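Side chains included, hydrogens not; waters and symmetry mates left out as well; all remaining heavy atoms used. The first residue of the sequence shown is numbered 1, and numbering continues consecutively from there. It should be emphasised that the depicted structure is a prediction, and the values quoted were computed from it without experimental measurement.
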Amino acid sequence: MPINSFLSYLSFEKKYSQHTIIAYQNDLNSLQLFCKKEYNNQNIAEINYAQIRSWIVGLVNSNISNRSINRKVSSLKSFYKFLLKTKAIELNPLAKHKALKVSKQIQVPFSEKEIINVFDLVDEEVNFESVRNKLIVEVFYATGIRRSELINIRISDIDLSNETVKVLGKRNKERYIPLIQPVQNSLKSYVTYRSEIQTIQPYLFITKNGKKIYDTLVYRIINNYFSKVSSKVKKSPHIIRHSFATHLLNEGADLNSVKELLGHSSLASTQVYTHSSLGKLKEVYNQAHPRSQKTNLL
């Protein structure tokens, strides 16, 4: 089946994560079920653009956001490009498709004060979970890593002698990120508490039952802490990543360095964080440019 071949290609050649592959599979299965129901044809390698467009219209009528629909169509584009590459088809039915318009989402980072206030919070009880949870916040803000990257940090990835942590990013790309001294201190404290938990897990962050930590728990931890200091609607690990990049740029870090720390493959991905730094840039500009000064120089 073309879909199975494509998924194998994503796994073994593109080295995509299992989570990403499942997302592609779900998108392709959605179109396949639609075509089977509407056109009595479940081989989506044989369908045309008009049929795909009917599927897209159905998604729009189901109140699925244009952003989500564009992501699904992106999966299909990759699928048909693969079929072209393997000569399974001669024409790409999505070759002339134009993405649906989406409103630009601006994600507001936490302020430096909000971050400081989180670190100033005092837990009612100091135990394994409270020490772990505080360290999770620290690691996110000190490294800017993704939630999946944090979850998959192994104890062996921590190198305190070199003050670094090895992170496995998208498409299994490794990168090393410096660990500042406060995080190193918190790590040592956490490892002491962790040693008292019975576990065979190689991963750094575990639950109190010795299991590997998971997505929803990490999200709850971040949301819980930041709900105490911030009124922002979105409080997630990604917003801390956004804050990490914004605060570095505000303090003068160059874009290429931030790109490497974030694990982006291109500067275009990193540039989305620069809009939040424009305020700081304007402030520096107004202070430095001779003609912007408000005082009378005559």
Side-chain angles (χ1 to χ4, degrees), residues 1-34 44-45 52 55-56 59 64-86 88-89 92-94 97 99-100 102 105 107 136 139-140 143-154 157 165-175 177 202-205 212-219 222 234 236-242 244-245 259-273:
M1 287 289 290
I3 292 179
N4 292 336
S5 299
F6 174 62
L7 296 177
S8 295
Y9 163 75
L10 296 181
S11 178
F12 298 113
E13 291 195 38
K14 301 293 285 184
K15 305 294 184 183
Y16 283 1
S17 69
Q18 192 61 33
H19 178 79
T20 301
I21 292 169
I22 289 171
Y24 273 89
Q25 185 176 24
N26 290 339
D27 295 335
L28 294 171
N29 286 344
S30 171
L31 176 61
Q32 187 178 54
L33 287 172
F34 173 83
I44 59 175
I52 297 175
W55 173 70
I56 294 172
L59 295 176
I64 295 174
S65 72
N66 285 4
R67 190 177 299 276
S68 294
I69 293 172
N70 285 342
R71 187 199 59 74
K72 291 176 181 293
V73 173
S74 178
S75 297
L76 296 184
K77 284 184 175 181
S78 297
F79 173 66
Y80 288 117
K81 283 180 182 178
F82 167 77
L83 294 184
L84 275 175
K85 183 179 179 181
T86 56
I89 60 173
N92 183 347
L94 284 170
H97 174 78
L100 302 177
V102 296
Q105 290 184 334
Q107 295 182 323
I136 285 173
V139 170
F140 270 134
T143 63
I145 60 177
R146 303 174 178 94
R147 175 167 40 175
S148 60
E149 293 172 342
L150 178 133
I151 289 171
N152 288 305
I153 292 175
R154 296 171 180 261
D157 293 329
V165 57
K166 182 174 73 175
V167 174
L168 190 63
K170 288 185 175 181
R171 303 183 188 181
N172 291 329
K173 290 182 179 177
E174 291 182 353
R175 68 186 188 280
I177 303 176
Y203 298 99
L204 177 66
F205 292 109
K212 181 183 179 183
I213 204 168
Y214 49 94
D215 279 355
T216 53
L217 176 56
V218 174
Y219 180 87
I222 298 304
K234 193 166 183 181
S236 68
H238 185 73
I239 298 300
I240 304 182
R241 178 173 164 86
H242 190 56
F244 165 83
K259 166 185 169 291
E260 294 301 318
L261 289 168
L262 292 173
H264 285 159
S265 57
S266 70
L267 272 178
S269 300
T270 314
Q271 284 170 337
V272 300
Y273 298 104

Original post:
Closest approach of Tyr203 and Arg154, non-hydrogen atoms and distance?
Top reply: OH-NH2, 3.3 Å

Original post:
Do Thr143 and Val167 touch side chain to side chain, with heavy atoms closer than 4.5 Å?
Top reply: no

**OP:** Only pairs at least two apart or in different chains count here, so list each salt bridge (Lys or Arg N to Asp or Glu O under 4.0 Å) that has a residue in residues 13-32.
**Re:** Asp27-Arg71, Asp27-Lys72

**OP:** Please report the closest heavy-atom contact between Ile177 and Ile145, naming both atoms and the distance.
**Re:** CD1-CG2, 3.4 Å

Subject >> Check against side chain to side chain contact (heavy atoms under 4.5 Å, CB included), Phe205 and Ile151 >> reply: CA-CA 7 Å; Phe205 292 109; Ile151 289 171; over 6 Å; no

Subject >> Spacing of Leu10 atom CG and Arg171 atom CZ [to the nearest 0.5 Å] >> reply: 10.0 Å

Subject >> Nearest-0.5 Å distance, CD1 of residue Ile89 to NZ of residue Lys81 >> reply: 12.0 Å

Subject >> Heavy-atom side-chain proximity of Tyr16 to Ser11 below 4.5 angstrom >> reply: no

Original post:
For the side chain of Asn152 and the backbone of Ser148, is there at least one donor-acceptor N/O pair under 3.5 Å apart?
Top reply: yes

Original post:
Side chains of Thr86 and Ser5: does their closest heavy-atom pair fall under 4.5 Å?
Top reply: no

Subject >> Minimum side-chain heavy-atom gap Lys173-Ser265 below 4.5 Å >> reply: yes

Original post:
Between atom CZ of Phe82 and atom CD1 of Ile3, what is the distance when rounded to the nearest 0.5 Å?
Top reply: 11.5 Å

Subject >> Lys234: partners by salt bridge (Lys or Arg N to Asp or Glu O under 4.0 Å), with sequence neighbours left out >> reply: none

**OP:** Verify whether one side chain among Thr20 and Ser17 offers a donor that lies under 3.5 Å from an acceptor in the other.
**Re:** yes

Subject >> Non-hydrogen side-chain atoms of Tyr219 and Asp215 separated by less than 4.5 Å >> reply: no

**OP:** Measure up the Phe6 and Tyr24 rings against each other and bin them: parallel (under 30°), tilted (30 to 60°), perpendicular (over 60°).
**Re:** perpendicular

**OP:** Just do the side chain to side chain contact (heavy atoms under 4.5 Å, CB included) check on Val165 and Ile153 with the steps written out, would you?
**Re:** CA-CA 8 Å; Val165 57; Ile153 292 175; 4.1 Å; yes

Subject >> Tyr80 to Ile44 - nearest heavy-atom pair and separation >> reply: OH-O, 2.6 Å

Original post:
Does the side chain to side chain donor-acceptor pair (under 3.5 Å) test come out yes or no for Ser78 and Ser75, once each step is laid out?
Top reply: CA-CA 5 Å; Ser78 297; Ser75 297; over 6 Å; no

Original post:
Can Glu149 and Arg175 be said to form a salt bridge (charged side-chain N to carboxylate O under 4.0 Å, His left out), step by step?
Top reply: CA-CA 11 Å; Glu149 293 172 342; Arg175 68 186 188 280; 2.9 Å; yes

Original post:
Does some side-chain heavy atom of Pro2 sit less than 4.5 Å from a side-chain heavy atom of Leu83?
Top reply: yes

Original post:
Hey, does Val73 have a side-chain heavy atom less than 4.5 Å from the side chain of Leu100?
Top reply: no

**OP:** Considering non-hydrogen atoms only, spot the tightest contact between Ile222 and Ser236 and give its length.
**Re:** CG2-C, 3.7 Å

**OP:** Evaluate the side-chain proximity of Arg146 to Lys170: yes if any heavy-atom separation is below 4.5 Å, no if none is.
**Re:** yes

**OP:** Report the distance from atom CG of Leu94 to atom CG of Leu76, rounding to the nearest 0.5 Å.
**Re:** 6.0 Å

**OP:** Calculate, to the nearest 0.5 Å, the distance between atoms CG and NZ belonging to Leu217 and Lys212 respectively.
**Re:** 13.0 Å

**OP:** Please lay out, stage by stage, how Tyr9 and Lys85 fare under the test side chain to side chain contact (heavy atoms under 4.5 Å, CB included).
**Re:** CA-CA 12 Å; Tyr9 163 75; Lys85 183 179 179 181; 3.7 Å; yes

**OP:** Can you measure from CG (Leu31) to CG (Asn26) and round to the nearest 0.5 angstrom?
**Re:** 13.0 Å

Original post:
Judged by modelled atom types alone, do Ser65 and Ser68 share a side-chain donor-acceptor pair under 3.5 Å?
Top reply: yes

Subject >> Within 6.0 Å of NZ in Lys77, more than 12 heavy atoms from elsewhere >> reply: yes

